[in-house]
S.K.: 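Starting off with a structure, shown below.
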Amino acid sequence: MAAAGKRNLAELSLDEFLAAGSDSEPYGSSEDEEASWPAKGVRAQRQQSRKVQRGEKAKQPLQTQPAARKKGKASEHKDQLSRLKDKDPEFYKFLEENDRTLLNFDASDTSDEEEQLHIPPDTLEEASDEDEEEEHDAVKRKRASFIPVNLKMVEEWKKAAERNLTPKLFHEIVQAFKAAVATTKGDSGGADPSKFQVTDAAVFNALVSFCIRDLFHYLQKLLLLKPPKNKLKMVLPSTSPLWSKLRLDVKVYLGSTIQLLSCLTEASVGAAVLQHVNSIVPYFLSFPKQCRALLKQAINLWSTGEETVRVLAFLVLNKICRYKKDVYLSPLLKQMYIAFVKNSRFTSPNVLPMINFMQRTLTEMYALDTHTSYQHAFIYIRQLAIHLRSAMTIKKKENFQSVYNWQYIHCLYFWCRVLSTIYPSEVMEPLIYPLTQVIIGCIKLVPTARFYPLRMHCIRALTLLSEHTRTFIPVLPFILEIFQQVDFNKRPGRISAKPINFAVILKLSNANLQEKAFRDGLIEQLYDLMLEYLHGQAYSIGFPELVLPTVIQLKSFLKECKIANYCKPIRQLLEKLQENSAYVASRRQKAAFGVASRESVEQWEKQVKEEGTPLSKYYTQWKKLREKEIQLEISGKERLEDLNFPEIKRKKQDERKEEDKKEFKDLFDLDSDSDEENVGISVKGKAKAKRASDDSSEASSEDYGEDEDEEEGQYEIEEDEEELEEDGDSDEEGEEAARAPQGPRKQRSCPRGMSRSDLQQLAQGEEDVVEDLAFSDDD
């Protein structure tokens, strides 16, 4: 074997001996190397290993053996070079002649970290309260070292920045601004974020105002940014040669601005900060993390803020997406749609304009990229269809409520608006048909009179989609069906002084269906819906055939309806439809092309639309008047004041009691001061008067149809119950008196101060009744 190539131990130098040991022991030595070792050394090594196995404790058991074996990489390399002299003398001679420095390698660079192992301590130290107090004191000392900002410092920064803004000056201003913004979040117990400290409100206002108004104008001059040649492109500040010196400070400033935006509650201040943010959008685009945080905060303000704040937040969102469409548009559309759905849960006259604003602005965002919009629209329209399918198959209250709610209806109308705005688009056009089917299915889900308002919202969405996409959608049958379901000649069970605003309700109560205001509002809504839909078809070459079923249905309604207020608007609409049909029929008789020529038909319809039809001219005038009425409906108060409804003046309970006392005082002029004698008569008389007044008030409420709220009605019922209890007590007293003997009752019933003649008349009256009863019994 290789034993012949090995030398005796006496011939080995110290380095060669150590190298031989390191090569053999740690990685398992070969038999030849073990044979060359003296027997004494082997025995000593075995004895040492036995001692370790028996558990004999040494001072450093983990360090003795590995420290003797393990060497640094430099020492191992030197040993390899020394062995190279024996194994390959020719190559070693070549290295001596050509690269002497490699052979003279110094092994002194062996680090202590490689030779020693870390020995953990036997016991671990625990943190004490004293350490915490020391840290708290250190924080206090650090706070005490902060530089307080005053108005004089802010004025000096202003003047210096106006003269010449330097990176050092910009750093100080940014640190002060950061300290000012940190005060809006409150002291969290930790150290302040910068070396400055702002405690005065006047200093805060001055510093923030300076940063928002002027600081970035001076920074723009410092960066020497060139204006872009193409206005559609944006020059990022990162192209400036000074950007590397200012980058970190700008990043800190942008983060503080977002924090300030999240803390503001005053709308005017928030609007000023948003205008500033809109002007420094290029700086946000240079920092993706800060840009994402800004988008999140802007979406929150767009969906929940005040009107001006909403508009400015939308401008920021739109500006970022126009220049970084591929990065931010898709996640932004998703978050904005979720925010829109979340904030359209309730609808009222005050909230409706904000919901319409979100629909219009979000539609603009979807119009930026049709391919991205198609992916989102497909997913969300499919989601609406799944909700509708589950409601149609399971037919439970929970499933119906998942469809018949404001969020679902607003989403349907929103997607109709998106497809109408983006049209014509080959990408989005395939979504028109499935969306139409979902809306029609929503109408047919519960086709009862209670959900007429919801049906009208769906009809308006279909009308919008049909008019702007030039797609025929059969909307009229859903309108004409109402004429057949509702009996307008039926006398209303109630008369309500408050008109029904169909724009902010989805369903009607059973009480609403009995009111006169329901039929009045229904006729008005049917008139509006038919006029809006047929206005979009007024220039169609097939208009006479399209409106023929409508004309027949309206004539039938006028023949059956006996109420003049309902017949008047319907008759006016019928006349306009017939006039427009005659106009279109006369125009198309002069046409020289056939129906098969589609291009000629479209050209003819375009010409008729430009010239105008009788129905379109009437619609323009009607629209102006209708918009004014809608504004009055939204405000609510003006329209109610114009109606001049009669008011029912109800008397208060105390006033009734006083009148009852006066009335019974005139009937029974009693001189007695005894409360016990008068209590029975006064209570009974009061109860009778109360019943009479209640009967009269009920009769008046039935005549005028006054519908009181449930809470008020319950409150009045509680008062009646108390009075009934008093009446019951008085009746019980009367029964006890009836059980008593005749004599005492007469004495008690005869009050003092009455003349003898009055007593005789009272007695004669009772005797007459007895005689009549006796006479009837004899017969």
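Not measured: the values here are computed from a predicted model.
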S.K.: Tell me, yes or no, whether the heavy-atom count around E481 atom CD, taken from other residues, nucleotides or ligands under 6.0 Å, exceeds 12.
M.R.: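 It does: E481 CD has more than 12 such atoms within range.
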S.K.: More than 12 foreign heavy atoms under 6.0 Å from CD of Q485: is that the case here?
M.R.: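 Buried by this count: over 12 neighbours within 6.0 Å.
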S.K.: When you check the gap from the basic side-chain N to the acidic O, do E605 and R587 get nearer than 4.0 Å?
M.R.: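 No salt bridge links E605 with R587.
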S.K.: Without swapping roles, check the side chain of S616 against the backbone of G612 for a donor-acceptor pair under 3.5 Å.
M.R.: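 Not at all, since once roles are kept as given, no pair shorter than 3.5 Å links the two residues.
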S.K.: Tell me if the CD atom of Q437 is crowded by more than 12 foreign heavy atoms within 6.0 Å.
M.R.: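 Result for CD/Q437: enclosed.
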S.K.: Is the backbone N or O of H387 less than 3.5 Å from a side-chain atom of S390, with the two atoms forming a donor-acceptor pair by type?
M.R.: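 Confirmed, S390 side chain pairs with H387 backbone.
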S.K.: With a 3.5 Å distance limit and no angle check, can you tell me whether S330 reaches the backbone of D326 through a side-chain donor-acceptor pair?
M.R.: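 Not confirmed, S330 side chain does not pair with D326 backbone.
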S.K.: Check whether the ring centres of F488 and F557 lie less than 6.0 Å apart, and answer yes or no.
M.R.: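 Yes, the ring of F488 comes within the 6.0 Å limit of the ring of F557, centre to centre.
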S.K.: For F478 and L529: C-alpha separation, side-chain torsions, deciding distance, then whether side-chain contact (heavy atoms from CB on, under 4.5 Å) applies.
M.R.: CA-CA 10 Å; F478 302 112; L529 292 173; over 6 Å; no
S.K.: Would you give the length of the straight line joining atom CZ of F346 to atom CG of L352, rounded to the nearest 0.5 angstrom?
M.R.: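 Answer rounded to 0.5 Å: 15.0 Å.
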S.K.: Any side-chain heavy-atom pair from T471 and L465 closer than 4.5 angstrom?
M.R.: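 Result no, sub-4.5 Å side-chain heavy-atom pair not found.
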S.K.: Within the supplied structure, the quantity of interest is the number of heavy atoms (other residues, nucleotides, ligands) at a distance under 6.0 Å from K444 NZ; does it exceed 12?
M.R.: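 Incorrect, the count does not exceed 12.
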S.K.: Taking the inter-plane angle between the rings of F340 and F414 on a 0 to 90° scale, is it parallel (under 30°), tilted (30 to 60°) or perpendicular (over 60°)?
M.R.: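 The rings of F340 and F414 sit tilted, inter-plane angle from 30° to 60°.
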S.K.: Could you tell me if the side chain of Q359 sits less than 4.5 Å from the side chain of H410, heavy atoms only?
M.R.: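 H410 vs Q359: side chains touch.
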S.K.: Does the pair F543 and Y583 meet the rule for a side-chain contact (heavy atoms from CB on, under 4.5 Å), with working shown?
M.R.: CA-CA 10 Å; F543 184 81; Y583 175 79; over 6 Å; no
S.K.: With no hydrogens and no angle check, is any side-chain donor or acceptor of Y374 less than 3.5 Å from a backbone partner on E429?
M.R.: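 Checking the backbone N and O of E429 against the side chain of Y374, no donor-acceptor pair under 3.5 Å is found.
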S.K.: Between M358 and W302, is there a side-chain heavy-atom distance shorter than 4.5 Å?
M.R.: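 In short, these two side chains touch, coming nearer than 4.5 Å.
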S.K.: What do you reckon, is CE of M392 surrounded by more than 12 foreign heavy atoms closer than 6.0 Å?
M.R.: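 For M392, atom CE is not crowded (no more than 12 foreign heavy atoms under 6.0 Å).
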S.K.: Would Y618 and Q572 count as a side-chain contact (heavy atoms from CB on, under 4.5 Å) if you check the C-alpha gap in whole Å, the side-chain angles of each, and the deciding distance to 0.1 Å?
M.R.: CA-CA 11 Å; Y618 173 73; Q572 185 181 18; 3.3 Å; yes
S.K.: Look at atom CZ of F472 and say whether more than 12 heavy atoms of other residues, nucleotides or ligands are closer to it than 6.0 Å.
M.R.: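 Result for CZ/F472: enclosed.
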S.K.: Check whether any side-chain heavy atom of L368 lies under 4.5 Å from a side-chain heavy atom of N318, and answer yes or no.
M.R.: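 They are in side-chain contact.
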S.K.: With a 4.5 Å limit on heavy-atom distance, are the side chains of W604 and R588 in contact?
M.R.: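 With C-beta onward as the side chain, the pair touches.
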S.K.: Could you check whether any side-chain heavy atom of I500 comes within less than 4.5 Å of a side-chain heavy atom of E515, counting everything from C-beta outward?
M.R.: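 The answer is yes, as the side chains (C-beta and beyond) meet within the 4.5 Å cut-off.
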S.K.: Treating N580 as the side-chain partner and L577 as the backbone partner, does any N or O pair qualify as donor plus acceptor under 3.5 Å?
M.R.: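 Such a contact is absent between N580 side chain and L577 backbone.
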S.K.: Is the shortest heavy-atom distance from the side chain of P447 to the side chain of R455 under 4.5 Å?
M.R.: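 Side chain of P447 against side chain of R455, heavy atoms only: contact under 4.5 Å found.
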S.K.: Report yes or no: do Q525 and R460 form a side-chain donor-acceptor pair below 3.5 Å?
M.R.: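 Yes, R460 and Q525 have a side-chain donor paired with an acceptor closer than 3.5 Å.
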S.K.: Give a yes or no on whether E611 atom CD has more than 12 heavy-atom contacts from other residues, nucleotides or ligands under 6.0 Å away.
M.R.: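 Correct, the count exceeds 12.
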S.K.: Roughly how far, to the nearest 0.5 Å, is CG of L522 from CE of M456?
M.R.: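 CG of L522 is found 4.5 Å from CE of M456.
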S.K.: Just do the side-chain contact (heavy atoms from CB on, under 4.5 Å) check on H376 and T372 with the steps written out, would you?
M.R.: CA-CA 7 Å; H376 288 262; T372 305; 3.9 Å; yes
S.K.: Kindly indicate whether the side chain of E524, heavy atoms from C-beta on, has any atom under 4.5 Å from the side chain of D520.
M.R.: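 Side chain of E524 against side chain of D520, heavy atoms only: no contact under 4.5 Å found.
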S.K.: Between R598 and E602, does any NZ, NE, NH1 or NH2 come within less than 4.0 Å of an OD or OE carboxylate oxygen?
M.R.: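 Salt bridge present between E602 and R598.
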S.K.: Given Y408, which of L506, L454, L384 fulfils the side-chain contact (heavy atoms from CB on, under 4.5 Å) condition?
M.R.: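 For Y408, the side-chain contact (heavy atoms from CB on, under 4.5 Å) check succeeds only for L384.
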S.K.: With no hydrogens and no angle check, just 3.5 Å: does a side-chain donor-acceptor pair link N512 and S509?
M.R.: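 A donor-acceptor contact under 3.5 Å links the two side chains.
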